[in-house]
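One structure is given here, and the rest of the page talks about it.
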Amino acid sequence: MTTALATTNTKASQAGVDLLRIVRINEEIKSVVAVAFKINIMALNAIFLAKRAGTAARGFGVLSNELRVFSQDLRDCMASLTGLIHGCVTEVSLVLQDIRHTRLLRQAVALSSVPRMAAVLAEREMENDRHTQRLVSLRKQLKRALEDAFQMVELGGVLAKSAKIEAAYGQSFALPLAQVSGEFDSIVEEIRTSLESLRRSAFFTGN
Amino acid sequence: MKTTKTIFQDGNHKWVAIVRDPEKPNYLIDTNEYLVTHGEQGILLDPGGAEVFPAVFSALSSEFDPSALAAIFASHQDPDICSSLALWLEFNPKMRCYVSWLWASFIPHFGGTADTFITIPDEGTDISLAGLILRAVPAHYLHSSGNFNLYDKVAKVLFSGDVGAALLPPGEDGLFVENFDTHIRYAEGFHKRWMGSNEAKRRWCERVAQMDIDMLCPQHGAIYQGADVQRFINWFDELQVGIVSA
Ligand SMILES: [Fe+2]
Ligand SMILES: [Fe+2]
């Protein structure tokens with residue numbers, strides 16, 4: 001096997017692996033979005049519960065409101081992650097197409113002696129570099145956006161823990177409030193675990 | 001690499017067949033490409049699939065300056081016909097592609113933009129190659145529903161696309177049909193199964209029988225010449241097509 005062909009094969013399998021990793025990331029993002037939506041509903045219920053509990057649960061009500069805002073922010077954040085993911089899919093697809101075209105153009109250069117074809121191949125390789133660079137940049141943006149999401153979830157965790165504490169002051173409503181805040185906490189934990197696994201994705205670590 | 005064979009020449013008016021690549025993997029159907037040149041210009045008929053682009057390009061460039069290719073003629077939309085389009089356009093973005101109007105928005109999935117395609121109406125059209133008139137002759141439903149042959153009245157050559165195609169066994173790779181009866185066995189299955197309309201076939205046979213043809217050049221298999229042209233038309237006229245055992 002020639003070095004050029006071996007490099008082409010490695011690049012193609014790398015792009016294939018990248019595409020698979022991107023798909024996994026996207027599936028995880030979809031599950032976070034679904035969970036974030038659940039927090040929104042739970043927060044709405046919690047706000048009503050706090051209203052019924054009256055002044056004793058005022059603090060809990062404020063926190064539930066914050067959690068509702070958090071769930072919306074989280075969904076917005078995930079929407080921008082999804083946009084970046086789609087961008088990555090486009091670029092990886094282009095890279096896969098580039099690889100095939102480059103292989104065929106390289107063969108044409110090797111078989112023929114048309115000087116213009118060598119120039120076409122050089123242009124193709126420059127275009128390939130542009131696609132690769134765009135993918136590198138999108139990968140960085142995605143990583144940064146994921147870090148932002150993670151920070152946001154840390155804040156959500158603090159809110160859920162505070163809600164747990166506030167629930168204790170809910171007098172006769174203490175038990176249902178504790179139950180709701182416990183659910184908040186475990187859901188935020190679930191999201192944190194998801195995001196943590198995303199951060200560890202080999203798509204970012206490059207292994 | 002493919003070989004080139006000049007099958008007609010009158011000054012710089014030429015028909016060159018680009019055929020038989022011993023290095024082509026067997027899982028790809030073998031295809032014949034044809035280059036027609038006139039004046040300083042050339043048109044490539046059914047340029048082939050993306051995977052055979054390197055072999056076709058290099059063979060063609062041994063005969064002709066590929067930058068002087070003005071156009072591609074795609075008899076229909078199949079991948080073995082024109083999935084190499086993006087690569088040809090990468091070499092020369094100004095190249096045009098003649099194709100049935102039916103496929104003008106399908107073939108861009110292989111490559112090209114709105115500017116690339118010159119659509120052929122169902123009744124056919126004349127294509128000028130530096131003053132030489134080539135006629136796109138309707139061959140719809142044989143097998144594709146939007147399908148054309150290309151006729152050169154001066155050279156008396158008909159490029160017939162998938163009509164006349166034969167799937168030749170290894171070893172039987174002559175460029176011209178030598179023994180019609182032996183050869184036609186390799187064409188029979190293809191025509192019965194790929195061609196769908198007896199009515200379209202009858203009309204094609206009537207039309208082509210009127211034309212003055214020395215060579216009938218299919219996209220697969222061997223070229224019919226002389227009396228074998230009429231033999232083929234008669235044989236095809238008799239054949240029942242659109243047959244599947246399932
Ligand atoms: Fe076909
Ligand atoms: Fe074909």
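Only heavy atoms go into these numbers, but all of them, side chains included; no hydrogens, no water, no symmetry mates.
- Ranking A/Val109, A/Leu105, A/Leu104 against chain B, the residue ahead of the rest is A/Leu104, based on heavy-atom pairs under 4.5 Å.
- Atom NZ of A/Lys143 has 12 or fewer neighbouring heavy atoms from other residues, nucleotides or ligands inside a 6.0 Å radius.
- Contact of B/Phe53 with chain A is made through the side chain alone, with heavy-atom distances under 4.5 Å.
- The number of heavy atoms from other shown groups lying within 6.0 Å of CZ (A/Arg75) is above 12.
- For the side-chain contact (heavy atoms from CB on, under 4.5 Å) with B/Glu90, the qualifying choice from A/Glu123, A/His101, A/Met117, A/Glu127 is A/His101, the only one to do so.
- When heavy atoms are compared at a cutoff of 4.5 Å, B/Ala59 does not approach chain A at all.
- Heavy-atom neighbours of A/Arg24 CZ from other residues, nucleotides or ligands within 6.0 Å: at or below the threshold of 12.
- When all heavy atoms are compared, the tightest approach of A/Ser112 to B/Ser61 is CB-OG, 3.5 Å.
- By the 4.5 Å heavy-atom criterion applied to side chains, B/Glu51 and A/Arg100 are counted as neighbours.
- With A/Arg116 contributing its side chain and B/Ser67 its backbone, the two residues share no donor-acceptor pair below 3.5 Å.
- At most 12 heavy atoms of other shown residues, nucleotides or ligands fall within 6.0 angstrom of atom CD in A/Gln179.
- The 12-atom threshold is not exceeded at CZ of B/Arg193, counting heavy atoms of other residues, nucleotides or ligands nearer than 6.0 Å.
- Counted within 6.0 Å of OH on B/Tyr141, heavy atoms from surrounding residues, nucleotides or ligands total 12 or fewer; the atom is thus considered open.
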